[in-house]
Amino acid sequence: MNRPDRDLLTSSHWGTYSVDVVDGQVTGLRNFEHDPDPSPIGHGIVDVLEGPTRITAPMVRKSWLEGGPGTAGQKRGLEEFVEVSWQDVNKIVAAELNRVRQQHGNNAIYAGSYGWASAGRFHHAQSQLKRFLNCIGGFTSSKNTYSFAAAEVVVPHVLGTFRGFLDTTTSWESIATDCELLVAFGGIPLKNGQISQGGLGAHVQMAGLRAAKMAKVQFVNISPLKSDLIDDADAQWLALRPSTDAALMLSLAYEIFDQNLHDQSFLDHYTVGFDRFAAYLTGETDGIPKSAEWAARICDLPASEIQTLARRMATHRTMISVAWALTRQDHGEQPFWAAINLAAMLGQMGLPGAGISFGYSAMNNVGLNRYEIDYASFPQGQNPVEDFIPVARLTDMLENPGGTFTYDGASYTYPDIRLVWWAGGNPFHHHQDLNRLRRAWARPETIIANEWCWNALAKHADIVLPCTTTLERPDIAMSPKDPYIVSMDAAIEPVGRARDDYDIFSGIAAEMGVDRAFTEGRNTESWLRWLWDVSRQQAAKADVSLPNWETFQRQGWVKLPTPEEPTIMMEAFRADPQANPLRTPSGKIELFSQTVHEFAYDDCPGHPVWLEPAEWLGGAGTDEFHLISNQPRNKLHSQLDHGPVSCADRPKGVEPVTMHPTDAAMLNLAEGEVLRLSNERGTCLAELRTSKDIRRGVIQIATGAWFKPIGEACQNGNPNVLTLDKGTSQLAQGPVAHSCLVKVARQ
């Protein structure tokens, strides 16, 4: 292994680190010297690289190996595995792929394979998997994300794009210099800002928030959790009832309109459909004015506080931030659309420090002032299979082959999936109602997983292909979402007989006679050099100069210059809407969408509305609590849940659950007790922590615990055994994890 004459470096979704190696073993990571607020999460990998959970050889489930495809699928997650050689497993996988393709067609292969894998530009598991499968005729794919599926579908109907504006969110520098009031629906959770897609060099969210506070920006935290905005922000906390954000936004819009505080000139020049929306606000269309008094009953907030906030927003330079979590509730399209309409009524969209933003600190890159460079990525090729599902409809697809579903104005058919291949993610983390998923998971004839540790995905597979970690292979951390580019070093040799994904797929491709199509005759180093050369050309188009490959390897990292001017979302559109129209039918902000209206969905009409969630506290009995299952602070999704950083937070082996002390006293529960959280979908165990910083009637447990079922109960505390598995609406079919009621009892 060639060693650079510098510190060994690695980069991950939670930061960049120097790697210490002694006698071929990683002994520690050191925080990147240029990171002002490093995350501790990355250090958690050191102790588990060669621990008992590491998968060190190809493994095949015993019944499948003995009986063939379709044997005893109900034993997945329960049965032992048999070690095989790479030569044998390549033949096994190749033969099974050929069987499925010949007997059922390529659309019987599902490789939506959702999740976060390596930060590296080349060793990106989903790209490797999809390129390989496209070389043999394609696969059924997935669309959108669990993070914000509802917004991904609805916002383009309103603003013409979602991701385009997500990536050009007004920067923190502009907030500090120009904003007066930042109203954060769902807060600004700095724990989420520890991570970013691709690698990251320096964490900026804490500094951005503190600079804004030093500049006397006022903050309002609208969330059931006070901790969704740090105490340093000195924010007003409005602890609304969960899943009622849209109702609050509509009432703020009503009060602004009723007091004639809206910007009619902006609405006339930059929007369409306000008359239809206003008719709904005033009750002209349904007889119900969306007043503060109306929302107060739904949100359980004082009407006077709603009215005061409306006036503050209309009389200050105001930024509205909507957390991604707002989309992960029943009818999750409505909060983002309502927030856009509210911002349009204020007339400040496109101004410095004002308008709307899609989730400060949802990731480290939101609000980061940076150049947008279209770096090269590992080419996936073209997928000839047209079948797809919205990503959160995984269980529906497995349960209902040949059934129909609606999505964004059209109707589709679920394919009959015979083989599932997952690489770089964990469905037993992301998905809802895990007991239902587990039953449906028994239906496919074969499940293949590329994994490095024995998490729930690996345990519920038939064939497990052991892959390397970022510390065992060279790569480039190079993301348009971060100004740092890092040479990721192979610090140690692969553990056991693990292989990187490129070598895994190259071996199977050779067995199937498509190795030339997959590799193009390149090895890993050749691909890395190709990625770097193309990316240098792309950077040059943005007037950014990157060093040659040899210099980059010698230096280890590069930092791009910071743009001279802060990023202002929608600045060009505001300056000249004719020259810079939005990609909507009208070219303007569509407060009412004729397109969505004509879809005729009763659960997502042509403008934002209040629709009661399937499960919410407004309809609950006194013995139920609203469950908030938010992102963890000590891991990324379920990654490194088995590491020491994550384990330190659960001395009793189960995730902590936070409850208001008054609620705990009413149930005669004591701090530190292990509780049973349950509903009709399942049960999970959790350790009680009490806090006054959570709304009464609400409990909070982070996601990410490795799913460990005994019967219908998760022994580790994965809240997704409890969450509801239904689509946000017929429009987006996103997940609704935050609309969930549970009962609480002592174990």
Please check if any side-chain donor atom of [X] sits under 3.5 Å from a side-chain acceptor atom of [Y], or the reverse.
X    : Y    : answer
T170 : S357 : no
H431 : D725 : yes
N144 : Q733 : no
H738 : S243 : no
N369 : T567 : yes
S113 : Q126 : no
S223 : D228 : yes

Does [X] use its side chain to pair, donor to acceptor, with the backbone of [Y] at less than 3.5 Å?
X    : Y    : result
R393 : V391 : no
Q329 : L326 : yes
R241 : R297 : yes
T271 : I589 : no
R312 : T318 : no
W337 : H607 : no
Q348 : G355 : no
S174 : S171 : no
N720 : T723 : no
Q194 : K191 : yes

Looking only at heavy atoms, which two atoms of [X] and [Y] are closest? And how far apart?
X    : Y    : value
H626 : W616 : ND1-CA, 4.3 Å
P242 : L617 : CD-CD1, 3.8 Å
S479 : Q197 : OG-O, 3.6 Å
S535 : L531 : OG-O, 2.7 Å
L209 : F219 : O-CZ, 4.2 Å
P480 : R121 : CD-NH1, 3.9 Å

Centres of the [X] and [Y] rings: under 6.0 Å?
X    : Y    : answer
Y360 : W172 : yes
Y110 : F139 : no
F148 : F336 : no

Are [X] and [Y] side-chain neighbours, meaning at least one heavy-atom pair lies under 4.5 Å?
X    : Y    : answer
L309 : L252 : yes
L240 : D300 : no
T327 : T728 : no
M313 : L346 : yes
T145 : Y114 : yes
L591 : L267 : yes
N341 : P608 : yes
Y371 : P561 : yes

Query - Chi angles and distances behind the ring-ring contact (aromatic ring centres under 6.0 Å, His included) call for F358, F165 - result: CA-CA 8 Å; F358 299 132; F165 290 128; 7.4 Å; no

Find the distance between [atom1] ([X]) and [atom2] ([Y]) and round it off to the nearest 0.5 Å.
X    : Y    : atom1 : atom2 : answer
D408 : Y601 : CG    : OH    : 6.5 Å
C604 : H597 : SG    : NE2   : 12.5 Å
L261 : D258 : CG    : CG    : 9.5 Å
M397 : I389 : CE    : CD1   : 4.0 Å
Y146 : Q432 : OH    : CD    : 6.5 Å
Q334 : L611 : CD    : CG    : 5.5 Å

Requested in this report: For T285, enumerate each residue passing the side-chain contact (heavy atoms from CB on, under 4.5 Å) test, keeping only those at least two apart in sequence or located in another chain.
Outcome: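 So T285 forms a side-chain contact (heavy atoms from CB on, under 4.5 Å) with A279, Y280.
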
Query raised in the report: Passes side chain to side chain contact (heavy atoms under 4.5 Å, CB included), L394 versus H430? Steps please.
Result: CA-CA 11 Å; L394 171 62; H430 281 99; over 6 Å; no

Would you call [X]-[Y] a salt bridge at under 4.0 Å N-O?
X    : Y    : result
E590 : K588 : no
K290 : D286 : yes
D433 : K726 : no

Query - side-chain hydrogen bond (donor to acceptor under 3.5 Å, both in side chains) between N192 and S361, worked out - result: CA-CA 6 Å; N192 295 7; S361 201; over 6 Å; no

Query raised in the report: Applying the ring pair (Phe, Tyr, Trp, His ring centres under 6.0 Å) test to F274, which of F257, F592, F266 qualifies?
Result: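 Answer after filtering F257, F592, F266: F257.
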
Query raised in the report: Passes side chain to side chain contact (heavy atoms under 4.5 Å, CB included), R317 versus D178? Steps please.
Result: CA-CA 7 Å; R317 179 67 68 93; D178 299 294; 4.3 Å; yes

Query raised in the report: Under the ring-ring contact (aromatic ring centres under 6.0 Å, His included) criterion, do H124 and F378 qualify, and how do the steps go?
Result: CA-CA 8 Å; H124 179 257; F378 188 50; 9.6 Å; no

Query raised in the report: Stepwise, does the side-chain hydrogen bond (donor to acceptor under 3.5 Å, both in side chains) test hold for S729 with E333?
Result: CA-CA 8 Å; S729 77; E333 296 85 357; 2.7 Å; yes

Requested in this report: Given side chain to side chain contact (heavy atoms under 4.5 Å, CB included), test M570 with Y270 step by step and report yes or no.
Outcome: CA-CA 11 Å; M570 301 185 75; Y270 298 98; over 6 Å; no

Query - Heavy-atom neighbours of Q264 CD exceed 12 at 6.0 Å - result: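 Yes, enclosed.
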
Report task. List the steps, then state whether side chain to side chain contact (heavy atoms under 4.5 Å, CB included) holds for R370 with D167. Result -> CA-CA 10 Å; R370 65 190 190 280; D167 292 338; 3.9 Å; yes

